[in-house]
Amino acid sequence: MRNDNLKSYLNLHLIVFIWGFTAILGALITIDAENLVWFRMLLAMIFLGAFIIYKKQSFQVPIKELFKLIFVGLLIALHWIFFFKAIHVSNVSITLSIFSLGAFFASLLEPLFYGRKILFYEVFFGLIIIAGLALILQVEIKYLTGVYYALAAIILGVLFTLMNGKLISDHEPSVITFYEFGAGVFFITIYFLFQGKFTADFFTLSLNNWVLLLILASICTAYAFTASVKVMQRLTPYTVMLTTNLEPVYGIMLAYFILGGKEKMSTEFYIGAVIIIITVILNGVFKHYKNKKEV
């Protein structure tokens with residue numbers, strides 16, 4: 001049992017590392033953010049569909065639930081579009097430093113979804129996070145547009161994560177994600193049809209872009225998602241939460257060594273990013289021990 005937990009823990013770190021690498025791929029793929037998300041969701045949906053058939057799972061979901069999945073799919077599509085736009089107009093380091101705010105935003109939005117009061121220490125940690133963010137913006141003001149895109153992306157990400165938390169408890173995660181990705185492709189396709197974007201040039205991508213898109217859709221999306229669900233069945237939510245907070249750390253480190261140049265930020269940026277990440281982790285620690293006392 002201990003070996004199984006260790007294996008799951010190591011697998012979780014691999015998954016979080018892969019998620020961090022997603023941002024690097026977003027910087028390396030040289031197509032518009034909307035096009036990138038359309039290809040990503042379409043290819044990932046195909047991979048997930050093959051997985052569902054291989055596992056002999058049912059594609060059936062109640063009509064009422066299907067409408068919820070369609071709405072969540074729209075949120076996911078917008079989340080990823082803003083995410084990759086943030087990377088394109090700023091860089092990976094700025095985007096992921098803002099993404100580390102995700103757990104904090106979740107703690108603020110949870111009361112709306114689950115009917116609990118906001119806790120004092122969450123407000124306190126929120127003020128520290130704002131100070132860390134202000135330190136980053138003070139020296140990296142030229143990336144302000146990227147910060148706005150990243151903030152929009154992370155708020156949308158928290159919303160669809162909270163909604164998925166309720167949906168996944170009743171249905172197979174792979175099936176839910178299949179329909180959500182399908183909905184995302186549908187909405188972006190409608191937008192592209194009105195924009196007249198489906199031209200020969202749209203589908204004419206370099207070999208490098210095709211390879212990176214396939215890696216993004218298969219390993220970083222379809223595989224990482226299904227593997228994370230399996231890992232979460234063996235590890236405590238607390239362990240998962242703390243480990244996933246390392247995604248910005250892995251991503252910023254990878255960006256520094258792989259992309260170089262544009263990703264080498266000021267000392268103040270790294271101080272601000274460390275303040276945000278440590279505060280988010282402390283928020284999780286406080287929440288964990290408070291819940292243990294209440295049990």
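Worth knowing before you read on, the calculation uses all heavy atoms, side chains too, and leaves out hydrogens, waters and symmetry mates.
Atom OH of Y54 is separated from atom CG of L48 by 15.0 Å, given to the nearest 0.5 angstrom. Taken to the nearest 0.5 Å, the CD1 atom of I76 stands 11.5 Å off from the CG atom of L159.
Annotation: F202 is in aromatic contact with F39 [ring centroid separation under 6.0 Å].
Although no hydrogens or angles enter the test, the distance criterion places a donor-acceptor pair under 3.5 Å between the side chain of N91 and the main chain of S93. With hydrogens and angles disregarded, a donor-acceptor distance shorter than 3.5 Å links the side chain of Y179 to the backbone of F59.
The environment of CZ in F67 is sparse: at most 12 heavy-atom neighbours from other residues, nucleotides or ligands sit within 6.0 Å. Within 6.0 Å of CZ on F203 lie more than 12 heavy atoms contributed by other residues, nucleotides or ligands. At most 12 non-hydrogen atoms from other residues, nucleotides or ligands lie less than 6.0 angstrom from CZ of F71. Heavy-atom contacts from other residues, nucleotides or ligands closer than 6.0 Å to OH of Y270 number more than 12. Heavy atoms of other residues, nucleotides or ligands lying less than 6.0 angstrom from CZ of F186 number 12 at most. For CD of Q60, the number of neighbouring non-hydrogen atoms (other residues, nucleotides, ligands) closer than 6.0 Å is 12 at most.
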Under the side chain to side chain contact (heavy atoms under 4.5 Å, CB included) criterion, do N35 and L205 qualify, and how do the steps go?
-> CA-CA 11 Å; N35 301 21; L205 305 180; over 6 Å; no
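Taking every heavy atom of both residues into account, I188 and A77 meet most closely at CD1-CB, 4.0 Å. Minimum interatomic distance between L216 and T221 (heavy atoms only, all atoms of both residues): O-OG1, 2.7 Å. Nearest approach of I18 to A224, heavy atoms of both residues: CG2-CB, 4.2 Å. C220 and W19 make their closest contact through O-CD1, 4.1 Å (heavy atoms, listed as atom of the first residue, atom of the second, distance). Heavy-atom minimum distance, A222 versus F47: CB-CB, 3.8 Å.
The aromatic rings of F192 and W38 sit tilted, their planes meeting at an angle between 30° and 60°. Ring planes of F181 and W80: tilted class, angle from 30 to 60°. Using a 30° and 60° split on the angle between ring planes, H88 and F84 fall in the tilted class, from 30° to 60°.
A heavy-atom distance below 4.5 Å is not found between the side chains of K55 and S174. Looking at heavy atoms from C-beta onward, L42 lies in side-chain contact with M45 at the 4.5 angstrom threshold.
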